[in-house]
2 protein chains.
Amino acid sequence: MRQVSGDASVLRRLNSDAILRILRGRELATLTELAAAAGVSRPTAEGIVEDLLADGWVEEYAEDERADRQRGRPARRFRFRASSGHVAGVHIDSSNLQVMVCDLGGEVRAVRRRPLPVDTPVPDRLSAVAELIRLAAADAGLAVAELTAVGVGTTGVVDGEGRVVKSIVLPGWTGLHLHAELSARLPAPVVVENDMRLAVTAEHWRGAARGCDDVVYLFAADRIGMGLLIGGRVHRGAHAASGEIGSQPNDNWSAFRHVMDYSMAVEPGELRGGRQSAEFAVGRARAGDEKARLAVREFGRALAAGLLTVVNPLDPEMVIIGGDLSSAGDLLVEPIQESLDEHCLYPPRAVVSGLGGECIAVGAVRLALDHAERLLFTLPA
Amino acid sequence: MRQVSGDASVLRRLNSDAILRILRGRELATLTELAAAAGVSRPTAEGIVEDLLADGWVEEYAEDERADRQRGRPARRFRFRASSGHVAGVHIDSSNLQVMVCDLGGEVRAVRRRPLPVDTPVPDRLSAVAELIRLAAADAGLAVAELTAVGVGTTGVVDGEGRVVKSIVLPGWTGLHLHAELSARLPAPVVVENDMRLAVTAEHWRGAARGCDDVVYLFAADRIGMGLLIGGRVHRGAHAASGEIGSQPNDNWSAFRHVMDYSMAVEPGELRGGRQSAEFAVGRARAGDEKARLAVREFGRALAAGLLTVVNPLDPEMVIIGGDLSSAGDLLVEPIQESLDEHCLYPPRAVVSGLGGECIAVGAVRLALDHAERLLFTLPA
DNA sequence: CTACTTTGACAAGATCCTTGAATAAAACGG
DNA sequence: CCGTTTTATTCAAGGATCTTGTCAAAGTAG
């Protein structure tokens, strides 16, 4: 219960925050609009905007070529100064690094990517991350120290302090205090989060889940992962292990069986893992192979069987299929939607992620923006 | 985003709310303590308390026989005036009604209960509810119109407007606008909610889940139901159908099979339903029957199998077994805890509900209190 | 009984907001 | 081209609230 109270300066901060929030939410605003929207008088709004202007959070938009000319004296128009700060979103994958630099308006200013072997020693990986952030920042004309926040997404169980409690994919990652390590290497505030949670964050921000507050995100690639958006907030769980469905006892998540069987039957010589088998089957299905279509369909229904155990208790609005296998598109969504329609009282919509491979980096940017906003606004929302 | 802003009176309300909240949270407080806790000056705290005193929200505690005498002048001590308002919590079960009247401090002032046949026509049931509320209020020396809020819990899918979208147990209940019907019969604000959600609310407030913000509540009686507490808030779901696990496709929730088989084997003549079989088996197990113990154990493990599909993605701190079958106690909890320990990365604690049959009425009281607090505090928390 | 400590009460000063009137800048119509 | 209309800006006066500081009151400790 964050309770606000105090002297008159609190009131000022309250009103200032309100106006800044309004400006963040729209393109341009006049003083009259701001005063009305914030519920304060004009002179108050004016004084606040003047302060924000002086502090660099707001800028005046001078150009005057607008079509919707009003009758009277033209109002000064203001907007949030997106370039008043920048953040970086980082995705540390098993074999790749990606850094995305955005301004506070969420506009992308630079993107860097580089491959990194899965067996890279931990110190080298950390250095590579720091270096790639430096390069991406430089692309955007910034020093790392100028970044308001750096959001980092990685696989594994990541606790609230940014420690990697457990990681199956990256060797040496388990037990790493990623937050501390990166903070030591970067002259900027670092925030670390699990990749699944960032994926669903990204979908909520700019993806398929805009406006949806209850979402189950299914990540399907080499492994199956899950991210949950509940009541508009990303769910962490009591031990930050939300979405870790690797150790399920029943067969619900060993869905790859169907496509692997298919792969084995068609090309016995070729040994394919789960993801490769799925991609192989999807390719053949698109080429018109009926058996492949059925295998993918069974794969989808098997995924749905696992999804149902979560969807029925949670009653989400939407199910999003993300990860590499989201490229299967309708081939995967259709059987999943079918299963949901059959077995749910209120079937959620099943859709594929539209964000693609940048999903987690985008979520990391959002994470960093959230952190930046905690600095931007003096009082909690 | 509930954004607060405005003139100086907002500041006053902010501070007033802060002080009232502090007083709700502790037994007695002096002005100095209040001022420090609320972060305002003494004179401000004094003025606010004076206003609250005048409005009847706060009372001065005059008795002066306290042991912990301080050195200086004795401070006046104030406390929240619990009797400044009262609420009722109502539980409409398949065959019973229960009404609990509490003051705003949560102290129980009256309880009424009465059986009501499951096939009672809807208008009669509604009248019986209204009448029992009237009686319980009278027991507490109150008229219904004096109740600040009435919380109502019932089975079925209950949407945000208090409509019973679907009910399997009560005939004619489906499609009923319970909120509207009861509002028409009661001269007090009514809030309606699903019984599972109230059960978990009650556990969070006064039961086993105090201080736990992520809880899976499993209701085991004639039917299996579920209530979810996520991030300290009760989860409703996009269609208010959270916890409706009746239509699960797999066998996870048909756990009664084990105890029913046992019952059939031991007393083939006696036809028992799921709950009866379970109670029968529990009774025999307590009497020392090894086969019964095993049947109950299998029952527990089967429940756990269903639980796991939810527990693994959600990563709760605690699993609570409620409903009539919670009387099985350790016989049920032990196999469930075993299964959780085996199959979870971070196994939650499994416990039985300690609230018993009053659980849902208590949750309804909490629901009503929440509503009352929205009236009590002028600004959202 | 006196010194000390803590609380209570009150006044002065500061901050912030609001209302209302006067002024400024643009569009419209003759 | 000029006055009227419309809307925005600026300024001053007034009110609500909070804070600091001072002094009186009511106890305890010795």
Side-chain angles (χ1 to χ4, degrees), chain A residues 3-20 22 28-55 58 60-79 378-379, chain B residues 3-20 22 28-55 58 60-79 378-379:
Chain A
Q3 183 64 48
V4 174
S5 63
D7 71 351
S9 74
V10 171
L11 191 54
R12 177 61 152 202
R13 273 155 52 199
L14 223 46
N15 287 334
S16 176
D17 279 7
I19 285 190
L20 196 48
I22 294 163
L28 283 168
T30 68
L31 286 178
T32 313
E33 288 165 8
L34 286 174
V40 298
S41 69
R42 263 193 65 87
T44 301
E46 191 177 352
I48 288 171
V49 167
E50 222 147 82
D51 287 354
L52 292 173
L53 219 47
D55 291 345
V58 162
E60 190 167 352
Y61 182 73
E63 330 300 90
D64 210 18
E65 323 100 13
R66 51 174 174 172
D68 60 330
R69 270 285 184 220
Q70 293 295 314
R71 288 261 295 215
R73 171 175 176 173
R76 301 162 69 190
R77 285 164 304 161
F78 302 90
R79 64 177 169 196
T378 54
L379 295 170
Chain B
Q3 182 65 47
V4 175
S5 63
D7 72 352
S9 73
V10 170
L11 190 53
R12 178 61 152 203
R13 273 157 49 199
L14 223 46
N15 288 334
S16 176
D17 280 7
I19 285 191
L20 197 48
I22 293 163
L28 284 167
T30 68
L31 286 179
T32 312
E33 288 166 8
L34 286 174
V40 297
S41 70
R42 262 191 65 87
T44 302
E46 190 177 352
I48 288 171
V49 167
E50 222 147 86
D51 287 356
L52 293 173
L53 219 46
D55 291 344
V58 161
E60 191 167 351
Y61 182 73
E63 330 301 89
D64 210 18
E65 320 99 15
R66 50 177 174 170
D68 60 331
R69 272 282 185 222
Q70 291 297 312
R71 290 263 296 214
R73 173 174 176 174
R76 299 164 70 191
R77 285 163 303 161
F78 302 91
R79 64 177 170 195
T378 55
L379 297 171

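Bear in mind the structure is a predicted one, so any value in this text is a computation, not a measurement. Below, chains carry the letters A, B, ... as their sequence lines are ordered, and counting in each starts from 1.
In this structure, CD of B:E50 is placed 11 Å from P of C:dG8, rounded to the nearest angstrom. Atom-to-atom, CG of A:L28 to C1' of D:dA8 comes out at 16 Å; the value is rounded to the nearest Å. Residue B:E33 contributes atom CD, which lies 15 Å from atom C1' of C:dG8 at whole-angstrom precision. As a whole-Å value, the separation of B:L31 CG from D:dT19 C1' is 16 Å. Going from atom CD of B:E46 over to atom P of D:dT17 covers 16 Å, rounded to whole Å. Look at CG on B:L11: it is 15 Å from C1' on C:dT18, rounded to the nearest Å. Look at CD1 on A:I48: it is 15 Å from P on D:dT9, rounded to the nearest Å. For B:I19 and D:dT17, the CD1 to P distance is 14 Å, given to the nearest whole Å.
For A:R12 and C:dT15, the shortest distance from a side-chain N or O to OP1 or OP2 is not below 4.0 Å. Proximity of B:S9 to the phosphate of C:dC17: no side-chain N or O atom is located under 4.0 Å from OP1 or OP2. An OP1 or OP2 oxygen of C:dC17 is reached within less than 4.0 angstrom by a side-chain nitrogen or oxygen of A:N15. Applying the 4.0 Å criterion to OP1 and OP2 of D:dT17, one finds that B:T44 has every side-chain N and O outside that range.
Side-chain atoms of B:S41 lie closest to D:dT19 of the nucleotides D:dT19, D:dC11, C:dC17.
Partner B:E60 forms a salt bridge (charged side-chain N to carboxylate O under 4.0 Å, His left out) with one of B:R79, B:R76, B:R77 and no other, that one being B:R76.
Within 4.0 Å of A:R42, counting heavy atoms only, lies at least one base atom of the nucleic acid.
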Atom pairs, N/O to N/O, protein against nucleotides 1-7 of chain D, distance under 3.5 Å?
| unit_1 | atom_1 | unit_2 | atom_2 | d |
| --- | --- | --- | --- | --- |
| D:dT7 | O2 | A:R73 | N | 3.3 |

